[in-house]
Visitor: 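My questions will all concern the structure given below.
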Amino acid sequence: MLANRSGEGSVRQTLLPPALDALIVGAGFSGLYQLFCLRDRLGLSVEALEAGEGVGGTWYWNRYPGARCDSESHTYCYTFSEPLLQDWEWTERYPEQPEILRYLNHVADRFDLRRSIRFGTRVTSARYDAAANLWRVATERGERLSAKFLITAVGCLSAANVPKIPGLESFAGRWVHTGEWPHDGVDFTGKRVGMVGTGSTGIQAAPVIANTAAHLTVFQRTANYSVPARNAPLTADFKRYVKANFPEIRRLMDGNPNGHAWLIADRSAFDVSPDERRALYEAAWQKGGLQFRATFRDLVQSKAANDTAAEFIRDKIREVVKDPVKAAILSDFDHPYAAKRPPIDTDYFETFNRENVALVNLRATPIERITPSGIRTSAAEYPLDIIVFATGFDALTGPLLRMDIRGRNGLALAEVWHAGPRNYLGLQVAGFPNLFTITGPGSPSVLCNMPVAIEQHVEWITDCVAHLRAQGLERIEAEAPAMDRWADQVKAAANATLLPLVTHSWYLGANVPGKPRVFMPYAGGMAQYRKICDEVAASGYRGFAVSR
Ligand code: NA7
């Protein structure tokens, strides 16, 4: 906001910047591409607002030790620009956080995006002004901006979930959450560290922390499956292959329900003998990575098929972990493999063979409180210098709801979503005209290799905005019945898998106390979702109300 003194009477005049065509919230993978599409492809006036002091989103904030992507690097990138694909070179099978951040900075520079981004700018409210057909946005720094289109590019896993454990404020040591990692790092040398949480993050961080800490205690609530990542530097041959064959790789990604570049075997776990099955799992284990779940086509649909994978992984843990008590705690699975997000690791289970690593089973002995000197469970007190919360996020809805978004007549998004997120295609909510949510709940998002999901959403939104402009239309808004039908489709897609059976999954919001239990991402596969979105657009945006 600009406040000018004008004339003798010191009349304060507030000059609001002119309304923009579009405001984008976030400058991670999705915000950067959306900015490029609207500004450079459609020629609109656009700004992106970013809470961080740099681009990168998830990869700006998640700087914890061992932070690495679980998608393979040659598929974890934008595909919209052939020159970009040709001039960027990844170094490892799975890119590490600093390398992804370098990549996103490279993209920002290459497409001169920074000049349209306000950094250090957190959105605190967004109100739809129906009379002006504008979104009025306020930021923590007191800026006031307005735009016809408001596009959230806030990521699915950006609202850190720090558990409300009594006594945390009394802890005399230091505590950190992996998703808000200090930029100057955390020195574990000679320290007694406690790490709470064994999701993808904890499983990546534990082996690295154990290397420098005097002692690491891992506090495990739910035993988690993990398959070796088998990370390694990329060979010159592979790099050449990727550059020469990207269209073929892209075809594979488009055909895979999760946007990865591999085929899912066209066989059931029961089409082969137990010996053959074991040999196939062993081969997948040696190859490493998320494609372990592609060994058989029915692993996430059939509990019986899934049990064979669970048994294989349980045996592997018992083989690797020398202490039978630790092995039993680590392999005490209570849910099917890959029904929660399956981690991949580098030496996670091996870490428990180190003398300086202990494991606490929170199911048997829950945390009671944090004391000034450490963590107290129902069985013992663990003295600690540093507590690392690898406790995940208020996923999918958290980043949207904390922005206080209000649509027509002041209707709060939080009110519309009080019983769980409702929208159409994961893209729009009735009562919130011209608001688009990139990778919102109800879209494949976290079940997909994220850049694939992001590019599809950004391109769909861009085409939609271009269509409105070409037709002289001012507004687009999801219709309520379309939202209801979409909610049924999201539910049916989830129910065709084993995923909703896990009552403690963050896909259902179960990791955040009080959050409604609704299965949030669309589990019907990226290819199917893309087809639905394309058909909706081709039909003249069926299920959306458009107006002048
Ligand atoms: P996740 O997958 O949500 O994992 C969080 C972990 O923290 C998980 O083991 C939780 O146990 C545990 N947790 C959460 N709250 C508590 C409390 N209060 N007490 C003890 N343990 C707790 O988050 P990540 O950061 O690992 O991964 C998020 C995504 O990032 C991942 O899926 C990838 O897409 C990248 P629980 O299983 O809930 O019992």
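Numbering of ligands and ligand atoms starts at 1, following listing order. Fair warning: this is a prediction, and the values are worked out from it, not measured in the lab.
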Visitor: Looking at Thr201, which atoms of ligand 1 are within less than 4.0 Å of one of its heavy atoms?
Guide: 24 (P), 25 (O), 26 (O), 27 (O)
Visitor: Would you say the ring centers of Phe29 and Trp59 fall short of 6.0 Å from each other?
Guide: no
Visitor: Please check if atom NZ in Lys239 has more than 12 non-hydrogen atoms from other residues, nucleotides or ligands closer than 6.0 Å.
Guide: yes
Visitor: For atom 39 (O) of ligand 1, grab the closest protein heavy atom and report residue, atom and distance to one decimal in Å.
Guide: Thr222 OG1, 2.5 Å
Visitor: Between the candidates Gly199, Gly392, Gly179, Pro163, which shows the shortest non-hydrogen contact distance to atom 18 (N) of ligand 1?
Guide: Pro163
Visitor: Looking at Leu157, which atoms of ligand 1 are within less than 4.0 Å of one of its heavy atoms?
Guide: 29 (C), 30 (O), 34 (O)
Visitor: For Gln204 and Tyr64, run side-chain hydrogen bond (donor to acceptor under 3.5 Å, both in side chains): C-alpha distance rounded to whole Å, both residues' side-chain angles, the deciding distance at 0.1 Å, then the answer.
Guide: CA-CA 9 Å; Gln204 286 183 343; Tyr64 61 87; 2.6 Å; yes
Visitor: Considering Val162, Val196, Asn62 one by one, which has a heavy atom nearer to atom 21 (N) of ligand 1 than any of the others?
Guide: Val196
Visitor: Could you identify the single nearest non-hydrogen protein atom to atom 5 (C) of ligand 1 and state the distance to 0.1 Å?
Guide: Ala390 O, 3.4 Å
Visitor: How about Tyr281 and Thr308: does a side-chain donor come under 3.5 Å of a side-chain acceptor?
Guide: yes
Visitor: Provide, to 0.1 Å, the distance between atom 32 (O) of ligand 1 and the closest protein heavy atom, together with that atom's residue and name.
Guide: Arg341 CG, 2.9 Å
Visitor: Is it true that Leu362 lies under 4.0 Å from ligand 1, counting heavy atoms only?
Guide: yes
Visitor: Look at Asp254 together with Arg530 and state whether they make a salt bridge at an N to O cut-off of under 4.0 Å.
Guide: yes
Visitor: Between Tyr103 and Tyr76, is the ring centre distance below 6.0 Å?
Guide: no
Visitor: Of the protein's non-hydrogen atoms, which lies at the shortest distance from atom 12 (C) of ligand 1, and what is that distance?
Guide: Gly197 CA, 3.6 Å
Visitor: May I ask you to check whether Tyr382 and Phe219 place their ring centers less than 6.0 Å from one another?
Guide: yes
Visitor: Between Glu459 and Tyr33, is a side-chain hydrogen bond (donor to acceptor under 3.5 Å, both in side chains) present by the stated rule, with each step listed?
Guide: CA-CA 9 Å; Glu459 286 162 11; Tyr33 185 35; 2.4 Å; yes
Visitor: Between Arg363 and Asp332, does at least one N-O distance fall below 4.0 Å, as a salt bridge requires?
Guide: no
Visitor: Within the structure, is a non-hydrogen atom of Lys164 found at a distance of less than 4.0 Å from ligand 1?
Guide: no
Visitor: Compute the minimum heavy-atom distance from Phe389 to ligand 1 and say whether it is under 4.0 Å.
Guide: no
Visitor: In terms of residue, atom name and distance, what is the protein heavy atom nearest to atom 2 (O) of ligand 1?
Guide: Trp506 NE1, 3.1 Å
Visitor: Out of Arg221, Gln204, Arg68, Lys340, who gets a non-hydrogen atom closest to atom 10 (C) of ligand 1?
Guide: Arg221
Visitor: Measure from the ring center of Phe389 to the ring center of Trp175 and say whether it is less than 6.0 Å.
Guide: yes
Visitor: If you count the atoms of ligand 1 from 1 in the order shown, which ones are under 4.0 Å from a heavy atom of Phe393?
Guide: 25 (O)
Visitor: Considering only the protein, which heavy-atom contact is closest to atom 9 (O) of ligand 1, and what is its distance?
Guide: Thr198 N, 2.9 Å
Visitor: How far is atom 31 (C) of ligand 1 from its nearest protein heavy atom, and which residue and atom is that?
Guide: Ser200 OG, 3.6 Å
